[in-house]
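See below for the structure under consideration.
Heavy atoms only: backbone and side chains are in, while hydrogens, waters and symmetry mates are out. Keep in mind that this is a model prediction, so the values were computed, not measured. Protein chains get the first letters and strands the later ones, always in sequence-line order, with residue 1 at the start of each.
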Amino acid sequence: MSSPQVRVRFAPSPTGYLHIGGARTALFNWLFARRMGGEFVLRIEDTDGERSRPELIDVIFRALEWLGLDWDGTPVHQSERGHLYSAAIETLLANGDAYWCACSPEEVKARAEARGGTPGYDGHCRERGLGPGVGHVVRFRVADTGTTAFDDLIRGHVSFENANLEDFVVQRSNGSPMFHLANAVDDADQGITHVIRGEDLINVTPKVLLLRHALQAPGELIFAHLPLIVNEKRQKLSKRRDDVSVGDYIDRGYLPEAMVNYLATLGWGPSDGVEIRPLAEIVAMFDVSDVGKSGAFFDVKKLQHFNGEYIRALTVPQFVSRSTRWLFEDAPWPAESFDIATFEVLAPLVQERVKLLAEVPSFVDFVFAAEPTIDEDSWQKVMVKGADLAVAVLDHALVQFADCEWTAAGLDAALFSYAEQHEISKGKVQAPVRVSVTGRTVGPPLFESLVVIGRDETLRRLGSARARL
RNA sequence: GCCCCCAUCGUCCAGCGGCCUAGGACGCCUGCCUUUCACGCAGGUAACACGGGUUCGAAUCCCGUUGGGGGUGCCA
């Protein structure tokens, strides 16, 4: 009757914000679950009371929601399941699979150095028959011989010599469980079938396997270790040195569709080579065993390209609505001078020019600010080095714009009559007007911009710039 | 040090023994379009780390070397 249901989990630790690596792990778990018609559940791994910051849990949930990775059921918090871990530890102790250890971290380290620098616990308390006590931890007894191995969906057969595994801690001296233990217990308790996680955790897999075996966990857990996402130096992305907070990408105006799509191309790629495509298609094509093995560089330039594509694919109303946040928060103009209807006129022109939503204000600031912000390089190039032409063009525009038809076509005819008369390229002729009115050499199409600004203000800015020459 | 993993253009992916003169995408360069920028379009640049095998045949399989990464916590 019950076909083997697939159930995967994303298990963030609330010691920081959701970062790019975590988002990718969550995404691949989600893709696998949705592809297999299984479940994707969340587990908050907050066994380390000192490092966990409860307030971050909600931040992580919101980032997942932003990405569109919906989860099944109610998230489980390890901090509320202490009894399960305690019971497991009791079992291990009772069966002789674990023992109490009174060695402090300093002692363990000192003995390791005395041995010749090989790190790790030496089994000092293995046969001492110790019981609970202040500063005592519980260690798992790893067999001295044999191997612990597993077949990874991505990496194939991976095996470890037990002799290279130390007797690791399963319960801290403060009584809280270590994550391997909580992990083994929860995966079994929650009926997890597949563990898809970063390769940085591949070395703890034998510990979890040993624990599961000792605890007689039912079924077999299938692992898939994802290649790490790396920085330009090909090192694992780090919160300290790299720009990895998903929240920061939200603030810069990346679209979640673009982020998720891009993340899906890191370590995996559709066989037909079409990278930018709807999530539903990715779900349909996804297969964990097709995931690559080597680290993938997080290329922001390529992410931006994806984002630009997604922005341009938006309808104009969608673009306007998605941009609003950047139009009101920290915008480079007084809030009261902003007018959404005016923005809507320019929106289509801005939409095809930005790669990030956060860039939107810089394309329309000259409309809402009292004065254009003059870009020095632009001014130098057009108004100083090209002063002669600038003077002539501005004088021409000042006259022509005073009574021409105030439409893009009317302005075009009025200004470019100068280009025709003097056989100068339109590009050169429009530059002084653009810099005078918008402050820069680049921006949305000029005449549409002037229409929005209005005749009076355009003439005022033209006159003001002319006076500076 | 020890353990584990990895190795195709600068980057991401395709390639799963012959279809490879190695394909697509980003980036970069050139041109076209054009009132700037951007978009779009047309081109170009550029890779199977090295050495041995296996095979009629290897980017694809095996071994080694080199290089890179990860782990080595009473963090996860």
Side-chain angles (χ1 to χ4, degrees), chain A residues 11-16 45-48 50-52 101 103-105 108-109 116-121 135-139 152 154-156 158-161 163-166 168-174 176 178-180 182-183 197-206 225 227-228 230 232-236 262 265-276 290 292-306 308 312 349-355 363 378 382 408 411-412 415-416 419 425-431 433-435 438 440-447:
Chain A
S13 178
T15 52
E45 306 220 326
D46 50 358
T47 56
D48 186 345
E50 291 182 17
R51 288 163 170 266
S52 289
C101 168
C103 301
S104 69
V108 171
K109 194 178 175 191
T118 309
Y121 182 65
H136 292 196
V137 299
V138 176
R139 286 184 184 272
D152 191 286
I154 294 170
R155 273 150 228 290
V158 181
S159 122
F160 296 80
E161 294 293 327
N164 290 321
L165 265 27
E166 63 177 321
F168 55 92
V169 174
V170 291
Q171 183 180 79
R172 300 186 181 90
S173 57
N174 68 4
S176 64
M178 286 290 289
F179 101 106
H180 325 89
N183 229 269
R197 54 179 6 175
E199 197 199 345
D200 50 341
L201 290 169
I202 200 166
N203 294 301
V204 313
T205 305
H225 286 93
L228 259 23
V230 302
E232 58 288 334
K233 291 155 94 172
R234 305 215 66 82
Q235 296 166 317
K236 175 171 96 161
Y262 175 66
T265 68
L266 258 28
W268 179 84
S271 49
D272 63 6
V274 179
E275 297 184 311
I276 296 181
D290 285 339
K293 299 173 183 171
S294 42
F297 172 57
F298 186 70
D299 187 350
V300 178
K301 282 223 180 110
K302 188 158 182 179
L303 204 213
Q304 285 190 1
H305 174 260
F306 273 44
R312 274 175 254 122
L349 304 175
V350 175
Q351 182 177 3
E352 63 179 20
R353 289 174 167 73
V354 295
K355 283 197 164 83
F363 277 81
S378 297
V382 177
L411 287 161
D412 182 304
L415 181 62
F416 291 147
S425 76
K426 293 177 175 181
K428 282 192 164 45
V429 172
Q430 59 94 43
V433 175
R434 180 181 291 282
V435 173
T438 73
R440 302 187 196 89
T441 52
V442 302
L446 184 59
F447 304 124

If you only use heavy atoms from C-beta on, which nucleotide in [options] is closest to the side chain of [X]?
X: A:D299; options: B:G10, B:A76, B:G40; value: B:G10
X: A:K301; options: B:C26, B:G70, B:G73; value: B:C26
X: A:L266; options: B:G73, B:G70, B:C12; value: B:C12
X: A:S294; options: B:A7, B:C74, B:A76; value: B:A7
X: A:L228; options: B:G69, B:C39, B:U35; value: B:G69

Describe, in one word, how the ring planes of A:F168 and A:H180 are oriented to each other, choosing from parallel (under 30°), tilted (30 to 60°) and perpendicular (over 60°). tilted
I need the A:T15 OG1 to A:E50 CD distance, nearest 0.5 Å. 13.0 Å
Distance check, rounded to the nearest 0.5 Å: A:L228 atom CG versus A:L201 atom CG? 9.0 Å
Spacing of the [atom1] atoms in [M] and [N] (rounded, Å):
N: B:G15; M: B:G52; atom1: P; answer: 28 Å
N: B:C33; M: B:C39; atom1: C1'; answer: 11 Å
N: B:C28; M: B:A46; atom1: C1'; answer: 10 Å
N: B:U30; M: B:U35; atom1: C1'; answer: 23 Å
N: B:C50; M: B:A59; atom1: P; answer: 11 Å
N: B:G51; M: B:C32; atom1: C1'; answer: 49 Å
N: B:G10; M: B:A47; atom1: C1'; answer: 10 Å
N: B:G44; M: B:C26; atom1: C1'; answer: 16 Å

Would you indicate what [X] reaches in the nucleic acid, counting non-hydrogen atoms under 4.0 angstrom: base, sugar-phosphate, or nothing?
X: A:A296; answer: sugar-phosphate
X: A:E352; answer: base
X: A:R155; answer: sugar-phosphate
X: A:F306; answer: nothing
X: A:I276; answer: nothing
X: A:R440; answer: nothing
X: A:S173; answer: base
X: A:G443; answer: base
X: A:F179; answer: base
X: A:P444; answer: base
X: A:S176; answer: nothing
X: A:T265; answer: sugar-phosphate
X: A:G267; answer: sugar-phosphate
X: A:V137; answer: base

Starting from [atom2] on [N], measure out to [atom1] on [X] and report it in whole angstrom.
X: A:K293; N: B:C4; atom1: NZ; atom2: P; answer: 16 Å
X: A:F160; N: B:C3; atom1: CZ; atom2: P; answer: 12 Å
X: A:D290; N: B:U60; atom1: CG; atom2: C1'; answer: 16 Å
X: A:Q304; N: B:C39; atom1: CD; atom2: P; answer: 12 Å
X: A:L201; N: B:C4; atom1: CG; atom2: P; answer: 17 Å
X: A:H136; N: B:C74; atom1: NE2; atom2: P; answer: 16 Å
X: A:N164; N: B:C4; atom1: CG; atom2: C1'; answer: 10 Å
X: A:Q430; N: B:U35; atom1: CD; atom2: C1'; answer: 4 Å

Counting distance only, does the side-chain N/O of [X] pair as donor-acceptor with the main-chain N or O of [Y] below 3.5 Å?
X: A:S52; Y: A:P14; result: no
X: A:R234; Y: A:V230; result: no
X: A:E352; Y: A:L349; result: no

Least distance between heavy atoms, A:T265 atom then A:Y262 atom: OG1-O, 2.6 Å
Please name the pair of heavy atoms, one in A:S173 and one in A:V137, separated by the smallest distance, quoted to 0.1 Å. N-CG1, 3.5 Å
Distance test, side-chain N/O of [X] to OP1/OP2 of [N], below 4.0 Å:
X: A:K236; N: B:G71; result: yes
X: A:S104; N: B:C74; result: no
X: A:K426; N: B:U35; result: yes

Please determine, for [N], whether a Watson-Crick or G-U wobble partner exists with both distances under 3.5 Å, and give it or none.
N: B:U55; value: none
N: B:C28; value: B:G44
N: B:G23; value: B:C13
N: B:U36; value: none
N: B:U72; value: B:G1
N: B:U60; value: none
N: B:U65; value: B:A49

[X] (side chain) and [N] (base): donor-acceptor pair under 3.5 Å:
X: A:K302; N: B:A25; answer: yes
X: A:R353; N: B:C37; answer: yes
X: A:T118; N: B:C2; answer: no
X: A:R234; N: B:U11; answer: no
X: A:E275; N: B:G24; answer: yes

Where each residue is assigned the nucleotide of RNA chain B containing its nearest heavy atom, which of A:V442 and A:G292 is assigned the position nearer the 5′ end? A:G292
NZ or CZ of A:R139 within 45° of A:Y121 ring axis and under 6.0 Å: yes
Given the options A:R155, A:K293, A:R197, A:H225 meets side chain to side chain donor-acceptor pair (under 3.5 Å) only with A:R197
